[in-house]
Amino acid sequence: SGTYTDISTNSSGCTHTETLVLTINNSTSNSTTITDCDSYTWSVNGTAYTSSGTYTDISTNSSGCTHTETLVLTINNSTSNTTTVTDCDTYTWSVNGTAYTQSGTYTDISTNSSGCTHTETLVLIINNSTSLTNTVSICFGDSITVGSNTYSQTGIYNDVFTAVNGCDSIIITILNVSQIDVIISQIGIDITANPTGGSMPFVYEWNTGEITGQI
């Protein structure tokens, strides 16, 4: 800006002074650097950007000259992951250390390496183990078989199988073995054995000889 003059000769041969009073207004510019997650809405023009880049907006400043606004934008993205798990009775999620006993969809929110949201999703199916209790009475000398195990003595036995859902199926057997009580009576040369308990036929052996037989 300034006042400038030019001296020349007019048509009459006299001096002509030309004066310029000049005001120079300047164009302006501004640059903004932004890092955001997923999306950024630029207040300058109201536009939402989802990709990194350099964006410009041209307008007129208060002096009536060009104003250039520049946005240097870095967009980092949020992340997510979904894991589907099927387990028996309970499952402890390594992401948050929580033990779950019910089927469902669970989420854990954290921050990824870019500083944006990371959503971890667990789709969990819990199948339950089952148990069945059987009370069984057998006679002395008899036995029962559960799976690959055979039992012939009074006691409580647990046999574990795999059910169709992949979980344990436990069969609890409460086994009662009835003992046979025999009362021996002798009249003359006749010997009578009267057993109590069990079911016929019975095989016995006299402990002083080789006499055997069935009742």
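Numbers here simply count residues along the sequence, with the first being 1. Heavy atoms only: backbone and side chains are in, while hydrogens, waters and symmetry mates are out. All values reported here derive from a predicted model rather than from experimental measurement.
- The hydrophobic cluster containing V160 also includes I156, I170, I172, I174, under a criterion of side-chain heavy atoms closer than 4.5 Å among ILVMFWY residues, counted directly or through chains of members.
- Judged by distance alone, the side chain of T154 and the main-chain N or O of V177 form a donor-acceptor pair under 3.5 Å.
- Scanning all heavy atoms of the two residues, the minimum distance from C167 to N128 falls at CB-O, 4.0 Å.
- Here the side chain of S103 pairs a donor or acceptor atom with the backbone of I126 at under 3.5 angstrom.
- Of the possible donor and acceptor atoms, none in the side chain of N76 sits under 3.5 Å from a partner among the backbone N and O of G115.
- Put simply, the residue from T56, T28, T32, I58 that forms a side chain to side chain contact (heavy atoms under 4.5 Å, CB included) with E69 is T32.
- Interatomic distance, N176 CG to C139 SG, rounded to the nearest 0.5 Å: 11.5 Å.
- Separation of atoms CG (L124) and OG1 (T101) is listed at 9.0 Å; rounding is to 0.5 Å.
- A pairwise comparison of heavy atoms in G166 and C88 identifies O-SG, 3.7 Å as the closest pair.
- Rounded to the nearest 0.5 angstrom, T79 OG1 and N112 CG are separated by 4.0 Å.
- Atom CG of L122 sits about 10.0 Å away from atom CG of D108, to the nearest 0.5 Å.
- Taken to the nearest 0.5 Å, the OG1 atom of T50 stands 9.5 Å off from the CG atom of D38.
- In this structure, CG in L132 is found 11.5 Å from CG in D159, a value given to the nearest 0.5 Å.
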Can T70 and S29 be said to form a side chain to side chain contact (heavy atoms under 4.5 Å, CB included), step by step?
CA-CA 8 Å; T70 301; S29 64; over 6 Å; no
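- With sequence neighbours excluded, the residues satisfying ring-ring contact (aromatic ring centres under 6.0 Å, His included) with Y151 are Y157.
- For S152 (side chain) and D142 (main-chain N/O), no donor-acceptor pair under 3.5 Å exists by modelled atom type.
- Counting Ile, Leu, Val, Met, Phe, Trp and Tyr side chains that sit under 4.5 Å apart, directly or through other members, L73 shares a hydrophobic cluster with I34, Y40, W42, V44, Y49, Y55, L71, I75.
- A continuous path of ILVMFWY side-chain contacts below 4.5 Å connects V85 to W93, so both sit in one hydrophobic cluster.
- Legend: residues meeting side chain to side chain donor-acceptor pair (under 3.5 Å) with N165, ordered by chain and number and at least two apart, are absent.
- Qualifying side chain to side chain contact (heavy atoms under 4.5 Å, CB included) partners for T9, counting only residues two or more places apart in sequence or in other chains: none.
- Cluster partners of I125 are absent, since no Ile, Leu, Val, Met, Phe, Trp or Tyr has side-chain heavy atoms less than 4.5 Å from it.
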